[in-house]
Number of protein chains: 2
Amino acid sequence: MELDRKSGVPYYIQLKEQIRRRITQGIWPAGTKLPPERELAKSIAVSRNTVSQAYKELEGEGVLSSARGKGTFVEDTALIMQQESRKEKVLRIVDLAMEEAVGLGFSIDDFVSFVHVRGMEKKDQLSRMKVAYLVSNPEQLADVNWNLGPGVNLFPLLLSELQESPRAQECISGMDMAITGVSRLAEVKILLGKQHIPILGISLQPRLDTIVRIAKLSIGREFALVCESNQYAEKIKLALRQAGLYPAFRTLIQPNETNLREVLPQCGAVILAPRLRFRVEKVLPENMECIEFHFEPDAGSLNLLRGALLELKGEKF
Amino acid sequence: MELDRKSGVPYYIQLKEQIRRRITQGIWPAGTKLPPERELAKSIAVSRNTVSQAYKELEGEGVLSSARGKGTFVEDTALIMQQESRKEKVLRIVDLAMEEAVGLGFSIDDFVSFVHVRGMEKKDQLSRMKVAYLVSNPEQLADVNWNLGPGVNLFPLLLSELQESPRAQECISGMDMAITGVSRLAEVKILLGKQHIPILGISLQPRLDTIVRIAKLSIGREFALVCESNQYAEKIKLALRQAGLYPAFRTLIQPNETNLREVLPQCGAVILAPRLRFRVEKVLPENMECIEFHFEPDAGSLNLLRGALLELKGEKF
DNA sequence: CTTTTTGGCCCAGTTGACTAGTCCAATTAC
DNA sequence: GTAATTGGACTAGTCAACTGGGCCAAAAAG
């Protein structure tokens with residue numbers, strides 16, 4: 001593996017590309033152990049931190065996984081293949097645009113600068129968009145840490161509140177878009193019929209890491225399932241069944257110290273609705289696994305949403 | 001005029017855009033005096049240097065002109081209109097590419113980063129291209145300060161040398177491309193017939209500022225025209241005639257101190273071939289205007305050349 | 001002429017990206 | 001158990017871009 005020292009491309013970016021290439025070319029299949037950071041750093045004569053940054057970003061993209069003391073491993077080749085093919089598509093268009101720009105007499109620097117400025121403008125515009133997220137359970141109000149792109153403002157609202165309070169209705173009219181789970185879509189469309197804002201249905205799925213952790217623990221153990229509402233508990237159970245998991249449950253709605261102290265010691269692990277951790281923490285027995293159950297939109301829904309936002313922006317400005 | 005302080009776009013870029021807009025919208029027609037740097041800086045609450053940078057870059061692009069003590073003025077609205085329409089074309093493609101990328105699940109930051117890296121790669125590749133520039137007059141060897149984009153390496157070569165020396169022939173074979181004036185194109189194609197490198201004809205025109213300076217001085221004055229070869233002197237005269245200028249000349253080939261001392265005092269101004277200034281300087285009478293005559297490829301030729309280089313690069317890598 | 005206006009120029013401070021060095025903690029090997 | 005390996009986290013230095021202030025010189029105004 002070698003770096004181009006004169007190209008001006010940051011070393012860690014070059015490294016990422018080379019690692020990507022080795023994976024896509026099948027030289028490093030899934031599960032391969034990558035060279036340790038120190039070793040690779042020494043072999044290409046850069047700081048370990050440079051290697052570390054490359055590894056870490058690829059880890060963040062789901063391509064690699066690192067564990068202290070063990071090493072860094074190729075995680076998911078299918079994912080990176082897919083990413084690469086998408087990236088290739090984008091790069092083809094970028095090349096096209098670049099040649100067009102050069103043909104029109106701009107330099108490559110000009111072009112990059114155009115894109116840079118244009119990108120900042122778009123981000124700026126996006127960050128001014130306000131999106132209402134209509135949910136039916138109070139637990140969902142807190143579970144909105146999705147990556148919509150930098151600074152799209154997501155305002156969670158309870159459907160029941162919306163039905164009762166005219167204040168909430170007013171609040172909606174200031175938004176640029178409303179989203180909700182597909183199962184509630186029809187209902188929401190009727191409710192917001194008079195307001196002329198676009199409504200988008202998104203489908204939620206449990207976060208993969210959540211499912212994996214539960215799967216690892218679900219052999220011969222009983223779980224405590226702690227929620228604020230029965231509906232949410234049912235939602236979680238349904239999601240687990242759909243993932244092929246049928247663990248034994250003790251369901252605890254509206255937890256307080258008394259019933260927590262009673263139930264928890266009888267269980268092998270705890271599954272929590274989001275933001276309930278602090279209520280359970282003091283009562284939690286030593287060494288007991290405690291899993292917050294998060295939902296997130298699937299990739300398709302996210303793309304749909306992102307695209308819709310960009311289009312909206314186009315109309316707005 | 002107002003700036004967006006939160007957008008992250010550098011102030012001087014925002015300023016440039018706003019000034020551009022005022023010009024394209026006809027609010028500031030050609031000849032308009034812009035607010036002095038201090039005044040504008042105060043009114044939008046930034047440092048004068050920020051305004052200065054915006055003005056200066058626009059001056060570099062030929063849109064504005066500044067003069068100490070006088071002010072900054074709108075130079076050429078036609079130019080900027082043309083620039084803007086070209087830029088719009090590019091931006092349309094950029095937007096398209098951006099939406100494609102976002103639709104494929106990338107963030108805008110990802111996209112900008114792709115373009116950034118891709119741009120650096122392309123520049124890097126371009127900077128490794130070697131282009132031979134075949135000229136017929138020794139004066140042209142020195143007149144190659146065109147902006148081909150950062151770091152394209154241009155190697156001027158005399159045609160007569162190429163015909164005689166096999167060393168020069170070898171040199172050519174290491175190049176990626178050869179260019180020459182359109183009038184010599186056929187000749188060069190035969191000469192390099194065996195070498196399999198692309199040959200491009202470009203058309204040269206005198207630099208606009210050179211012509212303008214001569215036009216200003218050409219009323220009732222006789223010029224001294226100092227060159228190294230008769231051909232080049234004729235080239236210059238022809239170019240001037242084509243620009244509608246018919247000044248009186250005293251032509252001086254292969255200047256030395258003696259004939260310079262004899263001829264110069266009888267003239268109102270001097271026109272020099274490139275790089276002859278140092279030979280004339282000591283003999284030059286006080287206050288006599290001295291103009292270096294430069295040729296450059298016209299915009300169309302430059303674009304053709306740039307495009308050809310980008311294409312070549314595509315094949316090479 | 002002197003004073004005012006105006007751009008040219010240089011230097012300082014801030015910020016962020018990049019690279020590099022060091023110590024710490026988890027894991028493995030013995 | 002101990003020692004070696006390995007990634008995590010933190011700090012420091014470098015560099016370029018951006019912004020800001022001060023001084024100078026050319027032009028204009030009086």
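Here is the naming used below: chain letters follow the sequence lines, and residue numbers restart at 1 for every chain.
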Under 4.0 Å between a side-chain N or O of B:T50 and OP1 or OP2 of D:dG20?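 For D:dG20, OP1/OP2 do have a side-chain N/O of B:T50 under 4.0 Å.
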
Go through A:L309 and A:V131 one step at a time and tell me if the side chain to side chain contact (heavy atoms under 4.5 Å, CB included) criterion holds. CA-CA 9 Å; A:L309 282 175; A:V131 178; 3.9 Å; yes

What is the nucleic acid contact for A:Y55, judged by heavy atoms within less than 4.0 Å: base, sugar-phosphate only, or nothing?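 Answer is nothing: A:Y55 stays at 4.0 Å or more from every strand.
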
For atom CG of A:L40 and atom P of D:dT6, their distance in whole Å: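 Checked: the CG to P distance equals 12 Å.
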
Under the salt bridge (Lys or Arg N to Asp or Glu O under 4.0 Å) rule, what pairs show up with a residue in residues 72-83 of chain A, not counting sequence neighbours?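 Of all non-adjacent pairs touching residues 72-83 of chain A, none passes salt bridge (Lys or Arg N to Asp or Glu O under 4.0 Å).
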
Among A:K16, A:K56, A:K87, find the one that has a salt bridge (charged side-chain N to carboxylate O under 4.0 Å, His left out) with A:E61.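 Only one of A:K16, A:K56, A:K87 forms a salt bridge (charged side-chain N to carboxylate O under 4.0 Å, His left out) with A:E61, namely A:K16.
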
Using a cut-off of strictly less than 4.0 Å, decide whether A:S47 has a side-chain nitrogen or oxygen near OP1 or OP2 of C:dG21.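 So the side chain of A:S47 is outside the cut-off, no N or O lying under 4.0 Å from OP1 or OP2 of C:dG21.
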
For A:S52, answer base if it contacts any base atom (sugar-phosphate contacts may also be present), sugar-phosphate if it contacts only those atoms, and nothing otherwise; contact means non-hydrogen atoms under 4.0 Å.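 Answer is nothing: A:S52 stays at 4.0 Å or more from every strand.
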
Side-chain donor-acceptor distances from residues 23-32 of chain A under 3.5 Å, at least two apart:
from, atom 1, to, atom 2, distance (Å)
A:T24, OG1, A:R20, O, 3.1
A:T24, OG1, A:R21, O, 2.9
A:T32, OG1, A:P29, O, 2.5

B:Y12 side-chain N/O to D:dC18 phosphate OP1/OP2 under 4.0 Å: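 True: B:Y12 side-chain N/O within range (under 4.0 Å) of D:dC18 OP1/OP2.
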
Kindly say if A:K56 contacts the phosphate of D:dA9, meaning a side-chain N or O under 4.0 Å from OP1 or OP2.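 No, outside the criterion.
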
Is there any ring-ring contact (aromatic ring centres under 6.0 Å, His included) pair reaching into residues 68-110 of chain B, and which pairs are they, with sequence neighbours excluded?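 Residue pairs with at least one partner in residues 68-110 of chain B: B:F106-B:F114.
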
Sequence neighbours left out, what passes side chain to side chain donor-acceptor pair (under 3.5 Å) with A:H116? Give chain and number order.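 Side chain to side chain donor-acceptor pair (under 3.5 Å) list for A:H116, sorted by chain: empty.
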
Taking atom P of C:dT15 as reference, at what distance in whole Å does atom NZ of B:K6 sit?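 So the NZ-P distance, B:K6 to C:dT15, works out to 19 Å.
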
Whole-Å distance separating the CZ atom of B:R5 from the P atom of D:dT19: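 My rounded result for the distance is 10 Å.
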
Sort out for me which residue in A:V74, A:L34, A:L64 forms a side chain to side chain contact (heavy atoms under 4.5 Å, CB included) with A:L58.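 Output: one option passes, namely A:L64.
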
Which heavy-atom pair separates B:R221 from B:G268 by the least distance, and what is that distance?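 Closest heavy-atom pair between B:R221 and B:G268: CD-CA, 3.8 Å.
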
Identify all pairs in which a protein N or O lies below 3.5 Å from an N or O of nucleotides 10-12 of chain D, and state each distance.
from, atom 1, to, atom 2, distance (Å)
D:dC10, N4, A:N49, ND2, 3.1

Within 45 degrees of the axis of the six-membered ring of A:F293 and under 6.0 Å from its centre: does A:R213 put its NZ or CZ there?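 No, a cation-pi geometry is absent between A:R213 and A:F293.
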
A correct 5'-to-3' footprint of nucleotides 23-30 of chain D, with B, S and - meaning base, sugar-phosphate only and no protein heavy atom under 4.0 Å, is B-BBSS--

